[in-house]
Amino acid sequence: MEPENETKAEQTQEQEQVVNPWEVSAKGKIDYDKLIDKFGCQRLDQFFVDRVFRLTGRTPHIFLRRNVFFAHRDFNEILDAYERGEKFYLYTGRGPSSEALHLGHLVPFMFTKYLQEAFKVPLVIQLTDDEKCMWKNLTVEESKRLARENAKDIIACGFDISRTFIFSDFDYVGGAFYENMVKVAKCVTYNKVVGIFGFTGEDHIGKISFPPVQAVPSFPSSFPHLFPGQDKLRCLIPCAIDQDPYFRMTRDVAPRLGYNKPALIESLFFPALQGETGKMSASDANSAIYVTDSKNEIKNKVNRYAFSGGQDSIEKHRQLGANLEVDIPFKYLSFFLEDDDELEHIRKEYGSGRMLTGEIKKRLIDVLTDIVEKHREARANVTDEMVDAFMAVRPLPNMFN
């Protein structure tokens, strides 16, 4: 009887927490330890942070120092190869389903930019306009338009054009890329893809056929203009952990096709303003800070919607302090406040009750406004010609220099 009861308990926990590429939800906080166990990835600990610093000579990014990127698959092998003098390339992406990006969307790109600069390696960025056309019921034309708009936000993060190739699936899929898609598709049974992604009989066949499209950018031969004759070049994928199912499938088939398994470095979810129960919703503008928000909109959203762990009276707050485990302003500062000493000071002062909720929210408004205004200024300088240049199929002659 006991094993059966345990199974029911596990099933209940599974139902309470749903994490896949299209849905992230939980009753309460996401249990990341449970996700690591379920997905079979590993914790990213201080050893890796120290090793990145030693190999690159650069201060580790705050997303590394503060465990925003908290899990990995074979990151140690990437670092071993790099230490031997072998190169690798980066691959990340974006599903263009909204006009503008919110701060959660920027997290993987901010971190990828750091990795590109620290390791001096090339980067491919996939815009899955085909996926969003199928999942979000967008027209082909609208999906392609959103891909170009999102590309402007990505370019505004400051990527090096001499090391970066951005492509949309509708424009690029074909040739060697499509050949790899077919090879992957032949290796994955219908039962396997249903087991990994949870597809049902109600899903159209476009969804079932999509996973190889996201898998094959992790194979260098998908980009013959970039990596001719470099089929053993390793790939590192920075992404949020909800994308892990795609790459579990990819890692399973890669050796059968003669490729290295792609390595992954995976992030937490950036919480919604209303609380840490999953990702932000693009359908609720007040759940997130967008890169198009004005200073007043940021101030209004933080003050009205950012869930506070502070107490309900000043007297009680002074006595008990804030609950930092649930406080969204503190969590956002943990993502974006560069100064470790200042963050530690806020942790102590706010956690003890000496700092009030209004004070931490004011500091957060300043930090977020600075990020958004700098991004808006950078994006205003991104022209259609620049987008064309980043998306042009071309060699990158200085990509490893």
Q: Check the pair Leu64, Phe53 against side chain to side chain contact (heavy atoms under 4.5 Å, CB included), reporting the backbone distance first and the verdict last.
A: CA-CA 10 Å; Leu64 262 187; Phe53 175 58; over 6 Å; no

Q: Can you tell me if Phe199 has over 12 outside heavy atoms packed within less than 6.0 Å of its CZ?
A: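 Yes - once you tally the heavy atoms of other residues, nucleotides and ligands closer than 6.0 Å, there are more than 12.
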
Q: Please report the shortest heavy-atom distance between Leu356 and Glu359, naming the atom on each side.
A: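 The pair with the smallest heavy-atom distance is N-OE1, 2.7 Å.
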
Q: Taking C-beta and beyond as the side chain, do Asn303 and Lys299 meet within less than 4.5 Å on heavy atoms?
A: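 They are in side-chain contact.
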
Q: Between Asp370 and Lys374, is there a side-chain N and carboxylate O pair less than 4.0 Å apart?
A: yes

Q: Passes side chain to side chain contact (heavy atoms under 4.5 Å, CB included), Phe75 versus Val52? Steps please.
A: CA-CA 10 Å; Phe75 188 41; Val52 167; 3.9 Å; yes

Q: Using only atom types and a distance under 3.5 Å, with no angle test, would you say the side chain of Ser287 pairs donor to acceptor with the backbone of Ala272?
A: no

Q: Would you please classify the geometry between the Phe111 ring and the Phe63 ring as parallel, tilted or perpendicular, with 30° and 60° separating the classes?
A: tilted

Q: Taking all non-hydrogen atoms of both residues, which atom of Leu106 and which atom of His375 are closest, and how far apart?
A: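 Result for this residue pair: CD2-CE1, 3.9 Å.
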
Q: Does any non-hydrogen side-chain atom of His105 lie less than 4.5 Å from one of Ser98?
A: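 Answer yes - side chains close enough.
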
Q: When you measure from the side chain of Arg234 to the backbone N and O of Phe88, does any donor-acceptor pair fall under 3.5 Å?
A: no

Q: Please verify the inter-ring angle class for Phe269 with Tyr32; under 30° counts as parallel, over 60° as perpendicular, anything in between as tilted.
A: tilted

Q: State plainly whether the residues Arg347 and Glu344 are in salt-bridge range, i.e. N to O under 4.0 Å.
A: yes

Q: Whether the side chain of Asp293 engages the backbone of Tyr290 through a donor-acceptor N/O pair (distance < 3.5 Å, no angle test) should be reported.
A: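 The answer is yes, because a donor-acceptor pair under 3.5 Å joins these two groups.
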
Q: Contact between Asp160 and Met399 at the side-chain level, heavy atoms closer than 4.5 Å - yes or no?
A: no

Q: Take Met391 and Ser168 through the test side chain to side chain contact (heavy atoms under 4.5 Å, CB included) and record every step on the way to the result.
A: CA-CA 8 Å; Met391 299 183 77; Ser168 78; 4.0 Å; yes

Q: With no hydrogens and no angle check, is any side-chain donor or acceptor of Asp327 less than 3.5 Å from a backbone partner on Phe330?
A: yes

Q: Could you tell me whether the side chain of Ser218 reaches within less than 4.5 Å of the side chain of Tyr259, counting heavy atoms only?
A: no

Q: Among side-chain atoms of Thr357 and Ser308, is any donor-acceptor pair under 3.5 angstrom?
A: yes

Q: Can a side-chain donor-acceptor contact be found between Gln243 and Gln214 if the only test is distance below 3.5 angstrom?
A: yes

Q: Between Met386 and Asn381, what is the shortest heavy-atom contact and its length?
A: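 The pair with the smallest heavy-atom distance is SD-O, 3.3 Å.
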
Q: Between the side chain of Lys316 and the main-chain N/O of Gly310, is any donor-acceptor distance below 3.5 Å?
A: no

Q: Identify whether the distance between the nearest side-chain nitrogen and carboxylate oxygen of Asp388 and Arg148 falls below 4.0 Å.
A: yes

Q: Does a side-chain heavy-atom distance below 4.5 Å link Tyr332 with Leu273?
A: yes

Q: Looking only at atom types and distance, does a side-chain atom of Thr369 sit under 3.5 Å from a main-chain N or O of Asp366, one as donor and one as acceptor?
A: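 Not at all, since once roles are kept as given, no pair shorter than 3.5 Å links the two residues.
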
Q: If only atom types and distance count, is the side chain of Glu142 paired as donor or acceptor with the main-chain N or O of Thr139 below 3.5 Å?
A: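 Checked: no pair found.
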
Q: Determine whether more than 12 heavy atoms belonging to other residues, nucleotides or ligands lie under 6.0 Å from atom CG of Asp384.
A: yes

Q: For the residue pair His317 and Tyr350, does the interplanar ring angle fall in the parallel (under 30°), tilted (30 to 60°) or perpendicular (over 60°) class?
A: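 Correct class here is tilted.
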
Q: Look at atom CD1 of Ile314 and say whether more than 12 heavy atoms of other residues, nucleotides or ligands are closer to it than 6.0 Å.
A: no

Q: Please indicate whether Lys207 has more than 12 foreign heavy atoms, meaning atoms of other residues, nucleotides or ligands, lying under 6.0 Å from its NZ.
A: yes

Q: Counting distance only, does the side-chain N/O of Gln311 pair as donor-acceptor with the main-chain N or O of Gly321 below 3.5 Å?
A: yes

Q: So, Arg66 side chain and Ser334 main chain: donor-acceptor pair closer than 3.5 Å or not?
A: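 Confirmed, Arg66 side chain pairs with Ser334 backbone.
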
Q: With side chain to side chain contact (heavy atoms under 4.5 Å, CB included) as the criterion, how do Thr292 and Glu297 come out once you've worked through the C-alpha distance, each side chain's angles and the decisive distance to 0.1 Å?
A: CA-CA 9 Å; Thr292 51; Glu297 284 172 324; over 6 Å; no

Q: Please state whether the rings of Tyr91 and Phe247 are parallel, tilted or perpendicular, taking 30° and 60° as the class boundaries.
A: perpendicular

Q: Is Val291 close to Arg379 at the side-chain level, that is, under 4.5 Å between some pair of heavy atoms?
A: no

Q: Less than 4.5 Å apart, any side-chain heavy atom of Asp129 and any of Leu146?
A: no

Q: Report yes or no: is the cationic atom of Arg58 (NZ for Lys, CZ for Arg) under 6.0 Å from the centre of the six-membered ring of Tyr114, at an angle within 45° of the ring normal?
A: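 Not flagged: Arg58 not positioned over aromatic ring of Tyr114.
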
Q: Is a side-chain N or O of Lys152 found less than 3.5 angstrom from the main chain of Val387, in a donor-acceptor match?
A: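 Not a single qualifying donor-acceptor pair exists.
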
Q: Heavy atoms only: give me the nearest Arg84-Glu86 pair and the separation to one decimal.
A: NE-OE2, 3.1 Å

Q: Taking the six-membered ring for Trp, are Phe336 and Phe270 closer than 6.0 Å centroid to centroid?
A: yes

Q: Under 3.5 Å, is there a donor-acceptor pair between the Thr56 and Tyr82 side chains?
A: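 Thr56 vs Tyr82: no donor-acceptor pair found between side chains.
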
Q: Taking Arg54 first and then Asp50, would you say they form a salt bridge - that is, a charged N and a carboxylate O separated by under 4.0 Å?
A: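 Looking at Arg54 and Asp50, the cut-off is not met.
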
Q: Within a 6.0 Å radius of atom CD on Glu325, are there more than 12 heavy atoms belonging to other residues, nucleotides or ligands?
A: no

Q: Can you find a heavy atom in the side chain of Asn180 that is under 4.5 Å from one in the side chain of Phe177?
A: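 Sidechains of Phe177 and Asn180: no contact.
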
